[in-house]
Amino acid sequence: MANSDNNRRKFMATTLQSVGLTALGGLLWSGYTHEVKASPLVLRPPGAIKEDDFLKACIKCGLCAEACQNRETNIDRDTGLAKIGTLKMAKGGDHNLIGTPFFIPTEVPCFMCEDIPCVPVCPSGALDQASVSNDKGELDINQSRMGLAVVHKESCIAYWGIQCDACYRACPLLGEAITIETQKNERTGKHAFMLPIVHDNVCTGCGLCEQACVTEKPAIFVLPLDISKGVAGDHYVKGWDEKDQERVKDAKAIETTTKRSDQSSTDYLNSGDLY
Amino acid sequence: MNNIKYLLLRRVTQIIILGLYFGANAYGWKMLAGTFGSSLLMGFIPLADPYTTLQVLATGFVLGADVLLGALIITIFYMVVGGRAFCSWVCPINMVTDLANWLRRKLNLDKEEVNYRFLKRKTRYWIMVLGLLVSAVVGISAFEVLSPITIMQRGIIFGFGMGGAIVIAIFLFDLFGVKNGWCGHLCPLGAAYSIIGKTSLIRVDHDHEACTACMKCKVVCPENHVLHMINKESIMVTDGECTNCGRCIDVCGDDALEFSIRNYLKK
């Protein structure tokens with residue numbers, strides 16, 4: 001009797017211990033995993049799904065990076081050897097979720113291969129082929145949205161009045177993703193500013209502009225879409241845009257009358273005792 | 001001179017497999033590309049690690065068919081050849097922990113075995129389940145963010161970075177900490193393959209009549225509880241935790257151990 005009591009007590013204690021230690025481990029592990037989620041400032045391969053889903057889906061196999069490295073166009077003409085690919089697999093110390101693919105435009109930008117070797121090889125669905133295909137279902141790298149280039153105008157020498165169109169020339173979608181806007185340079189009175197303007201409906205975020213930028217630290221740089229784009233919010237409606245007006249065609253006005261608003265606003269302004 | 005037939009065979013297999021993965025990135029070879037998480041064999045046969053696949057599914061992401069098919073192929077393969085054959089014939093960490101184990105014996109660190117109360121061989125199954133739970137809660141494959149196996153493999157293919165630290169940590173843990181600490185107690189991948197390999201057909205067979213009870217096999221075995229039948233019964237090693245490494249066969253001087261095929265029809 002005493003023995004079976006002892007056994008039961010021991011069993012209860014070890015069970016409690018196992019459950020407790022598992023909970024401890026789970027908390028530590030969850031905390032660590034949560035913290036090592038990728039920095040939001042990471043640029044993913046073309047066709048990457050939304051970052052949160054990408055982190056779930058990426059199985060860290062590296063097939064995209066290998067396809068990028070071994071793409072046909074990646075041969076150095078002088079040596080005949082393969083150049084360094086665009087996509088890197090995050091290592092410990094890269095401050096990105098370990099084992100996930102990313103690229104750094106200042107080192108190697110995305111050259112926007114027409115056959116997009118990195119996307120169809122993805123086995124897990126982290127890179128979505130449909131998002132980089134046109135209406136006919138053909139691969140179209142111009143559809144990709146890896147990020148969006150942003151200009152810091154204070155360090156962009158074109159905004160100083162110096163003629164530079166390095167980013168404009170480097171852009172694979174020349175004249176579409178970056179256009180040059182001319183403005184009169186009031187300082188000299190006889191020159192023009194030639195300002196690079198990025199258009200977010202065209203820019204793929206390949207980073208060739210960032211790599212081409214002549215300033216010490218690039219004045220044009222690619223940021224992930226979530227970071228580089230603002231959101232105006234639903235409550236702003238473009239009164240001049242018929243399509244935008246559609247959003248509010250069923251809206252009803254709610255009128256409330258208070259002591260101060262029982263007169264119409266015109267009456268109030270015309271009443272003459274404003275001062 | 002000890003017989004090292006299976007040890008050599010394993011090292012050759014491990015190095016060839018890693019070499020093929022390395023060549024896929026460095027030279028564009030098509031034999032075996034990717035990493036253990038998911039690979040492509042001969043350019044068209046998908047392979048995927050079952051536990052990694054389960055982690056991604058646990059995050060709630062509906063995986064592509066290639067990975068699911070790949071995981072199925074790997075599962076069936078290891079159900080036949082012995083689940084933890086992955087551990088001893090493929091996994092690169094095996095070379096690290098085997099080295100730690102060998103050094104442990106040479107440095108006589110085994111003599112004063114410390115009793116680690118919290119670290120039982122069953123711990124790995126807890127970790128395996130916990131890994132899936134954490135994946136579901138946090139939304140990232142939880143083991144993949146710290147798996148020394150794929151960190152080492154990617155290190156060999158793409159470069160180590162700071163990732164080498166965890167490989168060194170595992171080595172030190174196995175050498176100075178717990179004997180067979182990583183592979184035998186903690187690794188959830190090994191736990192998953194133990195379960196997959198429970199029914200496997202290729203097994204080590206023991207001949208009790210030939211055994212002289214020298215116990216060399218038990219000394220060298222990384223999971224020596226699976227050898228409970230030594231010098232007792234003439235039965236097969238059927239425990240899923242056996243890694244089919246064949247070291248016991250190598251060291252046996254009496255021909256009492258040999259690989260054999262499990263026959264489910266013969267009772």
Side-chain angles (χ1 to χ4, degrees), chain A residues 14 17-19 21-23 25-38 49 52-72 74 81-82 85 87-95 97-101 121-129, chain B residues 21 24-29 33-40 46 48-49 52-53 55-56 59-67 69-70 118 122-123 126-127 129-131 133-135 137-147 150-151 153-155 157-166:
Chain A
T14 37
Q17 196 176 35
S18 301
V19 172
L21 286 173
T22 308
L27 284 173
L28 287 174
W29 198 353
S30 301
Y32 173 76
T33 311
H34 192 76
E35 286 308 307
V36 296
K37 271 197 181 185
I49 56 178
D52 255 11
D53 290 331
F54 182 84
L55 295 179
K56 289 181 185 175
C58 178
I59 200 160
K60 302 164 187 69
C61 66
L63 284 169
C64 55
E66 291 179 1
C68 180
Q69 169 70 29
N70 294 308
R71 67 190 188 277
E72 283 172 11
N74 198 34
L81 299 170
L87 295 178
K88 298 147 70 102
M89 296 295 284
K91 303 186 275 275
D94 277 346
H95 300 289
L97 182 65
I98 197 158
T100 54
V121 292
C122 178
S124 70
L127 305 179
D128 175 22
Q129 198 170 331
Chain B
Y21 277 118
N25 183 53
Y27 313 115
W29 295 350
T35 59
F36 294 139
S38 183
S39 323
L40 211 52
D49 183 80
T52 311
T53 306
Q55 287 172 72
V56 178
T59 66
F61 185 80
V62 183
L63 270 167
D66 277 5
V67 174
L69 179 63
F118 296 145
K122 280 206 165 48
T123 309
W126 286 88
I127 293 178
V129 175
L130 196 58
L133 284 175
V134 174
S135 301
V137 171
V138 183
I140 297 187
S141 314
F143 181 57
E144 296 312 304
V145 303
L146 34 79
S147 161
T150 43
I151 286 175
Q153 193 197 15
R154 276 194 310 268
I157 303 171
F158 302 105
F160 271 101
M162 305 280 278
I166 193 159

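Order of the sequence lines sets the chain letters (A, B, ...), proteins ahead of strands, with each chain counted from 1.
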> Among B/Pro46, B/Gly139, B/Ser39, which residue forms the greatest number of heavy-atom pairs with chain A at distances under 4.5 Å?
Replying inline: B/Gly139

> Looking at A/Gln69, A/Lys91, A/Lys88, A/Lys60, which makes the most heavy-atom pairs under 4.5 Å with chain B?
Replying inline: A/Lys91

> Is it the side chain or the backbone of B/Thr150 that comes within 4.5 Å of chain A heavy atoms, both, or neither?
Replying inline: neither

>> Is there a side-chain contact between A/Cys64 and A/Cys122 in this structure, where contact means two heavy atoms from C-beta onward sitting under 4.5 Å apart?
In response: no

>> Measuring only between side-chain heavy atoms, which start at C-beta, is B/Trp126 closer than 4.5 Å to A/Leu21?
In response: no

>> If we define contacts as heavy-atom pairs under 4.5 Å, which of B/Ser147, B/Gly28, B/Ser38, B/Gly163 has the most with chain A?
In response: B/Ser38

>> Using heavy-atom distances under 4.5 Å, tell me whether B/Phe36 contacts chain A through its side chain, its backbone, both, or neither.
In response: neither

> Looking at B/Thr59, B/Ile127, B/Asp66, which one has more heavy-atom pairs under 4.5 Å with chain A than the rest?
Replying inline: B/Thr59

> Out of B/Leu63, B/Val137, B/Ile166, which one racks up the most heavy-atom pairs below 4.5 Å with chain A?
Replying inline: B/Leu63

> Which atoms of B/Ile157 come close to chain A, meaning under 4.5 Å heavy atom to heavy atom: side chain ones, backbone ones, both, or neither?
Replying inline: side chain

>> Has A/Asn70 got a side-chain atom pairing as donor or acceptor with B/Tyr27's backbone, closer than 3.5 angstrom?
In response: no

> Got a second to check how far A/Thr33's OG1 is from B/Leu146's CG, nearest 0.5 Å?
Replying inline: 6.0 Å

> For A/Thr100 and A/Phe54, which heavy atoms make the closest approach, and how far apart are they?
Replying inline: CB-CE2, 4.3 Å

> What residue in B/Gly131, B/Ser135, B/Ala26 has the most heavy-atom pairs under 4.5 Å with chain A?
Replying inline: B/Gly131

> Among A/Ala65, A/Ser124, A/Gly93, which has the most heavy-atom pairs under 4.5 Å with chain B?
Replying inline: A/Ser124

> Step by step, would you call B/Val56 with A/Lys56 a side chain to side chain contact (heavy atoms under 4.5 Å, CB included)?
Replying inline: CA-CA 6 Å; B/Val56 178; A/Lys56 289 181 185 175; 5.7 Å; no

>> Report which part of B/Ala165 has an atom under 4.5 Å of a heavy atom belonging to chain A: side chain, backbone, both, or neither.
In response: neither

> How far apart are the C-alpha atoms of B/Val134 and B/Phe143, what are their side-chain angles, what is the distance that settles it, and do they pass the side chain to side chain contact (heavy atoms under 4.5 Å, CB included) test?
Replying inline: CA-CA 9 Å; B/Val134 174; B/Phe143 181 57; over 6 Å; no

> Among A/Gly125, A/Gly26, A/Gly62, A/Ala57, which has the most heavy-atom pairs under 4.5 Å with chain B?
Replying inline: A/Ala57

> Taking every heavy-atom pair that is under 4.5 Å apart, which of B/Gly37, B/Gly64, B/Ala24, B/Gly34 has the most such pairs with chain A?
Replying inline: B/Gly34

>> Go through it in stages, so that I can follow the logic: the residues are B/Arg154 and B/Phe160, the test is side chain to side chain contact (heavy atoms under 4.5 Å, CB included), and I'd like the CA-CA distance, side-chain angles, deciding distance and then a yes or no.
In response: CA-CA 7 Å; B/Arg154 276 194 310 268; B/Phe160 271 101; over 6 Å; no

> Hey, does B/Leu130 have a side-chain heavy atom less than 4.5 Å from the side chain of A/Thr22?
Replying inline: yes

> Which region of B/Ile151, side chain (C-beta onward) or backbone (N, CA, C, O), has a non-hydrogen atom less than 4.5 Å from a non-hydrogen atom of chain A, or is it both or neither?
Replying inline: side chain

> Side chain, backbone, both or neither: which part of B/Leu133 has a non-hydrogen atom closer than 4.5 Å to chain A?
Replying inline: neither

> Is chain B contacted by the side chain of A/Ile49, its backbone, both, or neither, given a heavy-atom distance below 4.5 Å?
Replying inline: side chain

> Passes side chain to side chain contact (heavy atoms under 4.5 Å, CB included), A/Leu97 versus B/Val145? Steps please.
Replying inline: CA-CA 7 Å; A/Leu97 182 65; B/Val145 303; 3.5 Å; yes

